[in-house]
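Position 1 is the first residue of the sequence; numbering continues from there.
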Amino acid sequence: MIRLSVVVPVKDAELYISDALTSLVRNARRDFEFIVVDDGSTDATGQIIDDFRDELPGLVVLRNEAPVGLADARNLGTSLASGRYLTFMDGDDWLAPGYLAELVGAIERLGCDFVRVDHVQAEGRKRVIHRAPLAVRETVVKPRDHILPAGVKTMVDYPYAWAGIYRRDLGELLTFPGRLHTAEDRPWIWRLHRQAGSFAVVSLAGLFYRRMVAGSLTQVGDARQLHFFDAFDLVLADLEEEFVPKAVRTFCALLAHHLELADRFSPDLRVRFEERGAEALRRLPSDLLAANRLDPERDQILQRLLETR
């Protein structure tokens with residue numbers, strides 16, 4: 001019986017995929033499977049993956065002739081998974097030796113629907129541990145109880161799918177909105193916390209998240225960034241009234257952040273982004289906008305957006 005399925009979407013990551021797969025070799029067990037989805041790579045990524053076929057037991061490779069995007073690549077990998085539990089890793093990240101066994105041990109020890117963990121942000125030689133927002137550790141709690149309060153960073157503000165392990169029988173709760181090419185994890189984490197029954201956070205930081213990678217969506221300012229608005233439309237759709245202030249505040253904070261980085265956009269895309277941002281703000285309840293003030297600098301950014309668009 002397969003105990004754990006690891007889904008690894010990757011596209012054009014020839015500089016990093018060897019590190020990722022080597023780290024999986026150091027985590028391999030006979031009851032683990034590793035589903036690598038090569039999402040239309042045009043560099044040497046596919047050949048490097050093939051080089052690991054004999055070295056990495058449990059390796060399953062799926063290749064898309066044309067890229068479908070991170071969300072659908074994850075969904076394709078998940079559809080092939082046969083493990084009792086599921087986790088994710090991106091193709092430019094890597095794992096500490098023994099990390100996956102510790103993940104499985106945590107969810108089996110706690111007996112909940114999913115477990116969330118800390119992670120290590122890697123930028124060059126710099127390493128910084130980022131902790132999941134919930135301070136209570138090794139305790140099973142209800143996911144809905146950790147969406148609020150609105151003005152504090154909570155677990156829905158920690159959307160990284162790879163920072164955790166999930167019972168595969170959660171089914172549709174583990175799928176991502178495929179039409180999104182960025183911010184797909186925002187509606188995903190909100191739905192998970194609204195509908196799953198139980199979770200816990202453990203103090204485990206064995207995934208190394210590589211930052212400032214050229215070509216990653218955090219660095220690229222193309223039209224896919226407009227999907228940020230579609231993602232929050234999904235978050236807000238049919239959202240319980242008690243959670244709306246939290247979603248509004250999160251949207252405003254992230255919109256201001258995107259606008260702070262707007263120099264990465266082409267002039268045309270910047271206009272489109274600002275127009276959609278202003279339209280989205282005007283659709284939100286004015287009382288919630290007034291009540292959910294950010295820091296003065298970001299408040300000014302949003303106010304200028306409304307005045308100029």
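- Atom-to-atom distance recorded for Asn75:CG and Leu70:CG is 9.5 Å, nearest 0.5 angstrom.
- Put simply, the side chain of Lys153 never gets that close to the backbone of Ala132: no donor and acceptor are under 3.5 Å apart.
- Across every non-hydrogen atom of Leu59 and Ile49, the tightest pair is CD2-O, 4.0 Å.
- Residue Val128 shares its hydrophobic cluster (ILVMFWY side chains chained together at separations under 4.5 Å) with no other residue.
- In this structure a side-chain-to-backbone donor-acceptor pair under 3.5 Å is missing from Thr87 to Val6.
- With side-chain heavy atoms closer than 4.5 Å counting as contact, directly or through intermediates, the hydrophobic cluster containing Leu180 also holds Leu234.
- Counting only residues at least two apart or in different chains, ring-ring contact (aromatic ring centres under 6.0 Å, His included) contacts with residues 23-62 are absent.
- Within a 6.0 Å radius of CZ in Arg26, no more than 12 heavy atoms belonging to other residues, nucleotides or ligands are found.
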Next on the checklist: Quick one, Leu21 with Val36, criterion side-chain contact (heavy atoms from CB on, under 4.5 Å). Give me CA distance, side-chain angles, the key distance, then yes/no.
Outcome noted: CA-CA 9 Å; Leu21 296 178; Val36 178; 4.1 Å; yes
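- Linking Ile, Leu, Val, Met, Phe, Trp and Tyr residues whenever their side-chain heavy atoms come within less than 4.5 Å leaves Leu174 and Ile2 in two separate clusters.
- To the nearest 0.5 angstrom, Arg137 atom CZ is 12.0 Å from Leu110 atom CG.
- Within the structure, ring-ring contact (aromatic ring centres under 6.0 Å, His included) pairs that include any residue of residues 121-145 comprise His119-His130 (at least two apart or interchain).
- Residue pairs satisfying the salt bridge (charged side-chain N to carboxylate O under 4.0 Å, His left out) criterion with at least one member in residues 186-199, sequence neighbours excluded, are listed as follows: Arg194-Glu240.
- Residues meeting the salt bridge (Lys or Arg N to Asp or Glu O under 4.0 Å) test with Arg283, sequence neighbours left out: Asp233.
- In this structure Asp50 satisfies the side-chain contact (heavy atoms from CB on, under 4.5 Å) test together with Gln47, Arg53, Arg63, sequence neighbours excluded.
- Between Arg168 and Tyr85 the shortest side-chain heavy-atom distance does not fall below 4.5 Å.
- Scored by the ring pair (Phe, Tyr, Trp, His ring centres under 6.0 Å) test, Phe176 finds Phe88, Trp188 as partners (sequence neighbours excluded).
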Next on the checklist: Could you go through Asp263 and Arg270, starting from their C-alpha distance and side-chain angles, then the distance that decides it, and tell me whether this counts as side-chain contact (heavy atoms from CB on, under 4.5 Å)?
Outcome noted: CA-CA 8 Å; Asp263 286 346; Arg270 182 167 185 160; 3.1 Å; yes
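- Between the side chain of Ser198 and the backbone N or O of Cys112, no donor-acceptor pair lies under 3.5 Å.
- Under the 3.5 Å distance criterion, the side-chain polar atoms of Asp12 are matched with a main-chain donor or acceptor of Thr42.
- We find the CG-CZ distance between Leu255 and Arg276 to be 11.5 Å, quoted to the nearest 0.5 Å.
- In the hydrophobic clustering (ILVMFWY side chains linked at under 4.5 Å, chained through shared members), Phe208 is joined by Trp94, Val120, Ile129.
- Annotation: side-chain hydrogen bond (donor to acceptor under 3.5 Å, both in side chains) contacts involving residues 249-261, sequence neighbours excluded, comprise Asp157-Thr250, His258-Arg264, Glu260-Arg298.
- Between Phe265 and Phe273, the ring-plane angle classifies as tilted under the 30° and 60° cut-offs.
- Considering OG of Ser79 and CG of Asp72, their distance stands at 10.0 Å, rounded to 0.5 Å.
- In this structure, Thr45 contributes its side chain and Ala13 its backbone to a donor-acceptor pair below 3.5 Å.
- Counting only distance, with no hydrogens or angles, the side chain of Asp90 and the backbone of Asp92 share no donor-acceptor pair below 3.5 Å.
- Side-chain contact of Thr308 with Glu274: a donor-acceptor pair under 3.5 Å is absent, judged by distance alone.
- Under the side-chain contact (heavy atoms from CB on, under 4.5 Å) test applied with Leu100, the options Leu207, Asn27, Ile165 reduce to a single match, Asn27.
- Residue pairs meeting the ring-ring contact (aromatic ring centres under 6.0 Å, His included) criterion with at least one partner in residues 285-309, sequence neighbours excluded, do not occur; the list is empty.
- The list of salt bridge (charged side-chain N to carboxylate O under 4.0 Å, His left out) pairs with a residue in residues 99-117, not counting sequence neighbours, reads Arg3-Glu108, Arg109-Glu138.
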